[in-house]
Enquirer: 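Below is a structure I'd like to ask you about.
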Amino acid sequence: MANVNENFLNLKNDYLFSKVTDKRNEYEKNNPDKKVISLGIGDVSLPLAPVVIEAMHKAVDEMSKKETFRGYGIVQGYDFLIERILDVEYKKRGVNLDKDEVFIAAGSKGDLAGIAELFSEDNVVALMDPVYPAYRDTNIMLGRNNLVYLKATEENNFTPSIPKEHVDIIYLCSPNNPTGTVLTRKQLEEWVQYAKENNAVIFYDSVYEIFIDDENIPHSIYEIEGAKEVAVEFRSYSKLAGFTGVRCSFAVVPKELKAYRKNGEKIELNSLWRRRQSTKFGAAAYITQRAAEAVYTDLGQKQIRENIKYYKENAKYIKEELEKVGFTVYGGVSSPYIWLKTPNGMKSWDFFDKLLNEAAVVGTPGVGFGECGEGYFRLTAFSSKEDTKEAVDRIIKLFK
Ligand code: PLP
């Protein structure tokens, strides 16, 4: 008898985005003349930068010639990309890393799921509420029941303080999906300190790093002294350079970072991750890595930043226009996410229904990210400028 992994049956139905899609489809079926605008999805809308396209074409041509053809890649990633990452993302910010501490992958989603496998089932895991749902589901799949939710509410400005109890693994996401908040240097210092005192590990998800506007906000957790001993950092080209369909990312697993055996012996996570990747991951594609490398040329930096500027202007527009008419709005600065407090204490799904049925605008109900998201609504800055304006105008008209 083939028994299923029962852990999978402990997952709650992933109904958030499917319910959003079902409701939208139903509305469109009943209202074929209405144009629905979505500020709901976390996917980019602008095409890839020209330098990226050019680099991909060149890499494809290399694949067509016997002399330059590439087969299986290197699991860790090609040096040409890792060296650019070390220089541009880290050295510039005073962080020195070795080449074998950076692992190229095909999107942070897989890395964030994979890293959890390196730790035993009985670890206590701290997650924020609301949270990017993949962190929670990955741990449930691994049979972990010890999930501690740290409430991110208006009272604590959506940045929960250090837990009173002991936890072993902490997921931090900054800039945050869904609340749009960013962690300050002081807050990161406190987390690093806590992790050191508790022999805990931080998974630092910074896939929205490129949106950080404020020079006082760290771009990497390794800007904090001692962080290399306690943190794995996840970065992605998905939002940085519009690679959601291309798939490229990297994880930093410093060699100083250790976890423990039951007998107290220290184990280097870098070697464990390398072992895991070489068994389970087939390396990111050569063409993709050449595309990512192009992002680090001067022209590449200029072009991707133009796209980010476009999304940031959308975020600013949504935030400012909604605030003008009395909405309470969080996020939207150093972040592509706007975390809107629903008016008059409306439930997240009621607000969703009202927006869809009366304004043909789609967003994401905050409660879908956790109980503390009830009464909130996530809007994203990733649509076109025109659609963003139109959607905001419609929302404003609805609540005038
Ligand atoms: N982490 C967060 C917080 C995200 O919002 C996303 C994607 O939306 C990811 C990770 C995954 O990114 P990637 O496209 O690199 O897999």
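Read the numbers this way: they start at 1 and go in the same order the structure lists the ligands and their atoms.
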Enquirer: Using ring centroids (six-membered ring only for Trp), state whether F158 and Y376 fall under 6.0 Å.
Expert: yes
Enquirer: Looking at F80, does the NZ or CZ of R290 lie under 6.0 angstrom from its six-membered ring centre and within 45 degrees of the ring axis?
Expert: yes
Enquirer: Considering only non-hydrogen protein atoms, determine which one is nearest to atom 16 (O) of ligand 1 and report residue, atom name and distance to 0.1 Å.
Expert: R247 NH2, 2.7 Å
Enquirer: Determine whether the side chain, the backbone, both or neither of Y237 has a heavy atom under 4.0 Å from any heavy atom of ligand 1.
Expert: neither
Enquirer: Could you tell me, atom by atom, which parts of ligand 1 come under 4.0 Å of a heavy atom of S236?
Expert: 13 (P), 15 (O)
Enquirer: Against ligand 1, does Y208 come closer than 4.0 Å with any heavy atom?
Expert: yes
Enquirer: Could you give me the CA-CA distance, side-chain angles and deciding distance for K324 and E321, then say whether salt bridge (charged side-chain N to carboxylate O under 4.0 Å, His left out) is met?
Expert: CA-CA 5 Å; K324 270 187 210 159; E321 295 305 307; 2.8 Å; yes
Enquirer: Got more than 12 heavy atoms from elsewhere within 6.0 Å of CZ, R93?
Expert: yes
Enquirer: Please write down residue, atom name and distance for the protein heavy atom closest to atom 1 (N) of ligand 1.
Expert: D205 OD2, 2.6 Å
Enquirer: Are the ring centres of F327 and F399 closer than 6.0 Å?
Expert: yes
Enquirer: Side chain, backbone, both or neither: which part of C173 comes within less than 4.0 Å of ligand 1 when only heavy atoms are counted?
Expert: side chain
Enquirer: If you measure only the distance, is there a donor-acceptor pair under 3.5 Å linking the side chains of Y78 and E293?
Expert: no
Enquirer: Report, in ascending order of atom number, the atoms of ligand 1 lying under 4.0 Å from any heavy atom of K239.
Expert: 7 (C), 8 (O)
Enquirer: Please say whether Y337 places an N or O atom under 3.5 Å from an N or O atom belonging to ligand 1.
Expert: no
Enquirer: By number and element, which atoms of ligand 1 are closer than 4.0 Å to a non-hydrogen atom of G107?
Expert: 15 (O), 16 (O)
Enquirer: Do S249 and ligand 1 have an N or O pair less than 3.5 Å apart?
Expert: no
Enquirer: When the ring centroid of Y208 is compared with that of Y311, is the distance short of 6.0 Å?
Expert: no
Enquirer: Using a 4.5 Å cut-off on heavy atoms from C-beta on, say whether the side chain of F351 contacts that of L340.
Expert: yes
Enquirer: Between T244 and ligand 1, which part of the residue brings a heavy atom under 4.0 Å of the ligand: side chain, backbone, both or neither?
Expert: neither
Enquirer: Which protein non-hydrogen atom lies closest to atom 14 (O) of ligand 1, naming both residue and atom, and how far is it?
Expert: S238 OG, 2.6 Å
Enquirer: Using only heavy-atom distances, determine whether the side chains of N199 and Y260 contain a donor-acceptor pair under 3.5 Å.
Expert: yes
Enquirer: To the nearest 0.1 Å, how far is atom 11 (C) of ligand 1 from its closest protein heavy atom, and which atom is that?
Expert: Y132 OH, 3.6 Å
